[in-house]
Engineer: 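Okay, handing you the structure first.
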Amino acid sequence: MAISETTVVDAEMLAIDEINAAGGVLGKQIVPIQEDGASDWPTFAEKAAKLIDQDKVATVFGCWTSASRKAVLPVFESKNHMLWYPVQYEGQECSKNVFYTGATPNQQIEPAVDWLLKNKGKNFFLVGSDYVFPRTANTIIKEQLKAKGGTVAGEDYLPLGDTEVTPIIAKIKAALPDGGVIFNSLNGDSNVSLFKQLQGAGLTPDKYPVMSVSVAEEEVKQIGPEYLQGHYASWNYYQTVESPANQKFVAAFKAKYGDDRVTSDPMEAAYIMVYLWKQAVEKAGSLDMEAIRKAAVGQEFDAPEGKVTMQPNHHISKTVRVGEVRDDGLFDIVWSTEGPLKPIPWNQFVQETKGFACDWTDPNKGGKYKA
């Protein structure tokens, strides 16, 4: 997962440097302590416990995959500590001990499926890494397609990090002989092989457009834009968003890390979560966990992606954007919502969670209640 995760750390460190340069939090400097989960979920849990018990940290910013977040969740809940999680995910979770600054499915996956149905076709092949996020995402997509007149021609998974995609390419060609939509929730290094072999097999974006939900600017750069040009991604933020806040963010990031670096959605979500935590601490006036939790809800921030607001369910409102990969590796934004969408962590297409909601400001409701 290093292809993705190291860039999120860079964005968090930029926010910490900026906050410290402006006077810190409650008059104190933030001292970051870094631990490496090494793409191993039990290690993530070990390191989370170490940060809380030994280092006595005020909060934790971390995780990319849902597998790593699921591994650390019992640690934060049993110790009543606080995790800020920056990456889009499958939802179906709403923890009192987590603040989520990435997208819920209704802020990424569902709008992407709607856009594809309207613009690219109704026949889908689903490919993902074999862990909780892609499998849950595809469960949601299948229910959404059923409700909206789309079809699933095939579905296949790779172990996380596996680069042997030749069998999947063969299955796509067999299932979609005349073309169709490929919905891609592979994570990490598997994406390198997927896009190179799609092109090698002649599955070009004019007939086989790929919509990715875990491929952003950094991954495009490392894979090579020549393999992804014309394919799509669904995110809330791209480096090409036009706003003063984004121009400032991109300039600051490049000044710290180099002109050749790019920014991406998970990096932006990681950057803003540090600021949202700072604002919550300052409103609380202390590092007391309960006071910070209460103060975090309602926090607004003029983020590079646009204005965001922390909701009572510990997720933030976000604008949704579909981007097409350009030859320079950045994205042309081809569609976006009118404004921020409120997050719905409990999915409304899946029968088990349809009708449920989450509200941590109401003691009678909490993490999952029938709306």
Side-chain angles (χ1 to χ4, degrees), residues 8-9 11-35 37 44-63 68-87 89 93-102 269-303 307-317 343 345 357-369:
V8 168
V9 177
E12 291 162 8
M13 294 302 294
L14 172 62
I16 290 169
D17 286 353
E18 289 177 350
I19 290 166
N20 282 341
V25 181
L26 298 180
K28 297 178 180 179
Q29 294 285 285
I30 302 172
V31 180
I33 298 167
Q34 291 186 48
E35 291 291 351
F44 270 85
E46 254 174 62
K47 299 295 187 181
K50 181 254 181 190
L51 287 168
I52 295 167
D53 294 336
Q54 292 180 36
D55 299 310
K56 310 291 184 190
V57 296
T59 196
V60 177
F61 304 106
C63 299
S68 63
R69 190 193 68 259
K70 293 286 189 188
V72 304
L73 190 59
V75 177
F76 287 94
E77 292 187 334
S78 65
K79 297 175 186 295
N80 197 25
H81 214 274
M82 185 180 295
L83 171 70
W84 291 74
Y85 176 67
V87 185
Y89 82 119
E93 179 180 299
C94 193
S95 174
K96 175 185 168 190
N97 297 88
V98 183
F99 286 94
Y100 310 77
T101 58
Y271 174 81
I272 67 175
M273 73 184 180
V274 182
Y275 274 98
L276 287 166
W277 169 79
K278 167 192 179 282
Q279 290 177 191
V281 171
E282 289 175 340
K283 184 180 177 186
S286 78
L287 290 173
D288 176 74
M289 291 286 169
E290 281 306 319
I292 294 167
R293 272 191 206 104
K294 286 178 185 168
V297 174
Q299 288 297 330
E300 296 180 347
F301 188 67
D302 183 17
K307 183 181 170 185
V308 300
T309 308
M310 183 61 69
Q311 302 295 324
N313 58 23
H314 287 192
H315 298 69
I316 61 176
S317 53
C358 171
D359 183 347
W360 289 111
T361 62
D362 186 333
N364 298 315
K365 292 178 178 176
K368 188 177 181 183
Y369 69 93

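Remember, predicted model here, so these are calculated numbers, not experimental data.
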Engineer: Let me confirm one number: the CD-CD1 distance from Gln54 to Ile52, rounded to the nearest 0.5 Å.
Structural biologist: 11.5 Å
Engineer: State the CD-CG distance between Gln34 and Leu51, to the nearest 0.5 angstrom.
Structural biologist: 10.5 Å
Engineer: Taking the side chain as every heavy atom from C-beta outward, state whether Phe99 and Arg293 have any atom pair closer than 4.5 Å.
Structural biologist: yes
Engineer: Using a 3.5 Å distance criterion without hydrogens, assess whether the side chain of Thr101 forms a donor-acceptor pair with backbone atoms of Ala269.
Structural biologist: yes
Engineer: Drop me the distance from Leu287's CG to Lys56's NZ, to the nearest 0.5 angstrom.
Structural biologist: 14.5 Å
Engineer: Sequence neighbours left out, what passes side chain to side chain contact (heavy atoms under 4.5 Å, CB included) with Glu46? Give chain and number order.
Structural biologist: none
Engineer: Quick one, His81 and Val57 - any side-chain contact, counting heavy atoms below 4.5 Å?
Structural biologist: yes
Engineer: Which value, rounded to the nearest 0.5 Å, describes the distance between Leu83 atom CG and His314 atom NE2?
Structural biologist: 12.0 Å
Engineer: My understanding is that only residues two or more places apart in sequence, or in another chain, count here; which of them pass side-chain hydrogen bond (donor to acceptor under 3.5 Å, both in side chains) with Gln279?
Structural biologist: Gln299
Engineer: Got a sec: does the NZ of Lys50 have more than 12 other heavy atoms crowding it under 6.0 Å?
Structural biologist: yes
Engineer: Between Asn20 and Gln29, is there a donor-acceptor pair closer than 3.5 Å when you use the side chain of the first and the backbone of the second?
Structural biologist: no
Engineer: Which heavy atom in Ile16 sits nearest to a heavy atom in Pro32, and how many Å separate them?
Structural biologist: CD1-CB, 4.0 Å
Engineer: Would you check if the side chain of Asn313 reaches a backbone N or O of Pro343 as a donor-acceptor pair within less than 3.5 Å?
Structural biologist: yes
Engineer: Roughly how far, to the nearest 0.5 Å, is the CG atom of Leu73 from the OG atom of Ser68?
Structural biologist: 11.0 Å
Engineer: Could you state the interatomic distance from CG (Asn97) to NZ (Lys79), rounded to the nearest 0.5 Å?
Structural biologist: 12.0 Å
Engineer: When you compare the side chain of Val274 with that of Glu18, does any pair of heavy atoms fall below 4.5 Å?
Structural biologist: no
Engineer: Does Trp277 reach the side chain of Val25, with side-chain heavy atoms less than 4.5 Å apart?
Structural biologist: yes
Engineer: Aromatic contact between Tyr89 and His315, with the criterion being ring centroids under 6.0 Å apart: yes or no?
Structural biologist: yes
Engineer: Look at atom NZ of Lys307 and say whether more than 12 heavy atoms of other residues, nucleotides or ligands are closer to it than 6.0 Å.
Structural biologist: no
Engineer: Of all heavy-atom pairs between Ile292 and Ala284, which one has the smallest distance, and what is that distance?
Structural biologist: N-CB, 3.9 Å
Engineer: Which heavy-atom pair separates Ala11 from Ala270 by the least distance, and what is that distance?
Structural biologist: CB-CB, 4.4 Å
Engineer: What is the minimum heavy-atom distance between Thr59 and Trp84, and which atoms define it?
Structural biologist: OG1-CD1, 3.3 Å
Engineer: If you look at every heavy atom in Pro86 and Cys63, which pair is closest and at what distance?
Structural biologist: CD-O, 3.5 Å
Engineer: Would you call Lys294 and Glu290 a salt bridge, using N to O less than 4.0 angstrom?
Structural biologist: no
Engineer: Is any side-chain heavy atom of Val98 closer than 4.5 Å to one of Phe76?
Structural biologist: no
Engineer: Under the rule for disulfide (SG to SG under 2.5 Å), what residues qualify as partners of Cys358, not counting sequence neighbours?
Structural biologist: Cys94
Engineer: In sequence, state the C-alpha distance, the side-chain angles, and the governing distance for Glu12 and Met273, and then conclude on side-chain contact (heavy atoms from CB on, under 4.5 Å).
Structural biologist: CA-CA 8 Å; Glu12 291 162 8; Met273 73 184 180; 3.2 Å; yes
Engineer: Provide the closest heavy-atom pair for Ser95 versus Tyr100 in the form atom of the first, atom of the second, distance.
Structural biologist: N-OH, 3.1 Å
Engineer: Is there side-chain contact between Val87 and Arg69, with at least one heavy-atom pair below 4.5 Å?
Structural biologist: no
